[in-house]
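Note sheet for the following structure.
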Amino acid sequence: KMAVVKLTSTERTELLTPLFDKGWTMVDQRDAIYKEFLFKDFSESWGFMSRVALKAEQMNHHPEWFNVYNKVQVTLATHDCGGLSTKDVKLANFLETVAAKLQ
């Protein structure tokens with residue numbers, strides 16, 4: 001099993017910039033990314049979380065998230081490397097794909 005490593009500065013520029021363009025931001029005092037997703041109602045936000053949960057299980061990489069009604073706040077970081085890894089980028093892009101289909 002390969003060790004999970006933090007993104008290099010080059011990877012950060014290449015992989016995180018497109019996510020920043022979609023509204024993701026760096027978390028203060030942490031090497032993590034954050035985004036708030038808004039949906040039509042609770043049912044839609046729960047549908048989003050359900051799809052993401054299945055993918056997260058498959059990847060064995062789980063988001064930190066918080067849901068109130070139509071709002072889902074997501075923070076991604078990789079605990080195994082103490083910061084951002086390609087796993088976070090992959091999961092963030094999956095979240096964007098799922099959200100786009102729902103919104």
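- One distance of note links OG of Ser43 with OH of Tyr69; it measures 9.0 Å at 0.5 Å rounding.
- Checking side-chain atoms of Thr78 against main-chain N and O of Asp80 turns up no donor-acceptor pair under 3.5 Å.
- No donor-acceptor pair under 3.5 Å is formed between the side chain of Asn70 and the backbone N or O of Leu38.
- Across all their heavy atoms, Phe94 and Lys55 have their closest contact at CE2-CB, 3.3 Å.
- Following chains of ILVMFWY side-chain contacts shorter than 4.5 Å, one can reach Val89 starting from Val98, so the two form part of one hydrophobic cluster.
- The main-chain N or O of Tyr34 is never found under 3.5 Å from a side-chain atom of Thr75 such that the two would form a donor-acceptor pair.
- Side-chain atoms of Asn60 and His62, non-hydrogen and from C-beta on, do get closer than 4.5 Å to each other.
- Minimum interatomic distance between Pro18 and Thr13 (heavy atoms only, all atoms of both residues): CD-O, 4.4 Å.
- A 6.0 Å sphere centred on CG of Asp28 holds no more than 12 heavy atoms belonging to other residues, nucleotides or ligands.
- Atoms CG and CG, on Leu15 and Leu19 in that order, are 8.0 Å from each other to the nearest 0.5 Å.
- With hydrogens and angles disregarded, a donor-acceptor distance shorter than 3.5 Å links the side chain of Glu11 to the backbone of Thr8.
- The backbone N or O of Val72 lies less than 3.5 Å from no partner atom in the side chain of Asn67, so there is not a single donor-acceptor pair.
- Between the Ser45 side chain and the Phe42 main chain, a donor and an acceptor come within less than 3.5 Å of each other.
- Between Phe37 and Trp24, the angle of the ring planes goes over 60°, which puts this pair in the perpendicular group of the 30/60° scheme.
- Using a 4.5 Å heavy-atom threshold, the side chains of Phe66 and Val74 count as separate.
- Considering only heavy atoms from C-beta on, Gln73 stays 4.5 Å or farther from Val68 through its side chain.
- A side-chain donor-acceptor contact under 3.5 Å links Glu44 to the backbone of Lys40.
- Closest heavy-atom contact between Arg12 and Leu7: NE-O, 3.3 Å.
- Leu102 and Gly47 get closest at one heavy-atom pair: CD1-C, 4.4 Å.
- Using a 4.5 Å cut-off on side-chain heavy atoms (C-beta onward), Phe39 and Lys71 make no contact.
- Using a 4.0 Å cut-off between charged side-chain N and carboxylate O, Arg30 and Glu64 make a salt bridge.
- A salt bridge between Glu96 and Lys35 is present, with a side-chain N of the basic residue lying under 4.0 Å from a carboxylate O of the acidic one.
- Contact check for Thr25 versus Ile33: no side-chain heavy atoms found under the 4.5 Å cut-off.
- Of the possible donor and acceptor atoms, one in the side chain of Asp88 sits under 3.5 Å from a partner among the backbone N and O of Ser85.
- Crowding of Lys90 atom NZ: a count of heavy atoms from other residues, nucleotides or ligands under 6.0 Å not exceeding 12.
- Closest approach of Leu76 and Leu84 over heavy atoms only: O-CD2, 3.5 Å.
- Within a 6.0 Å sphere centred on CH2 of Trp65, heavy atoms belonging to other residues, nucleotides or ligands number more than 12.
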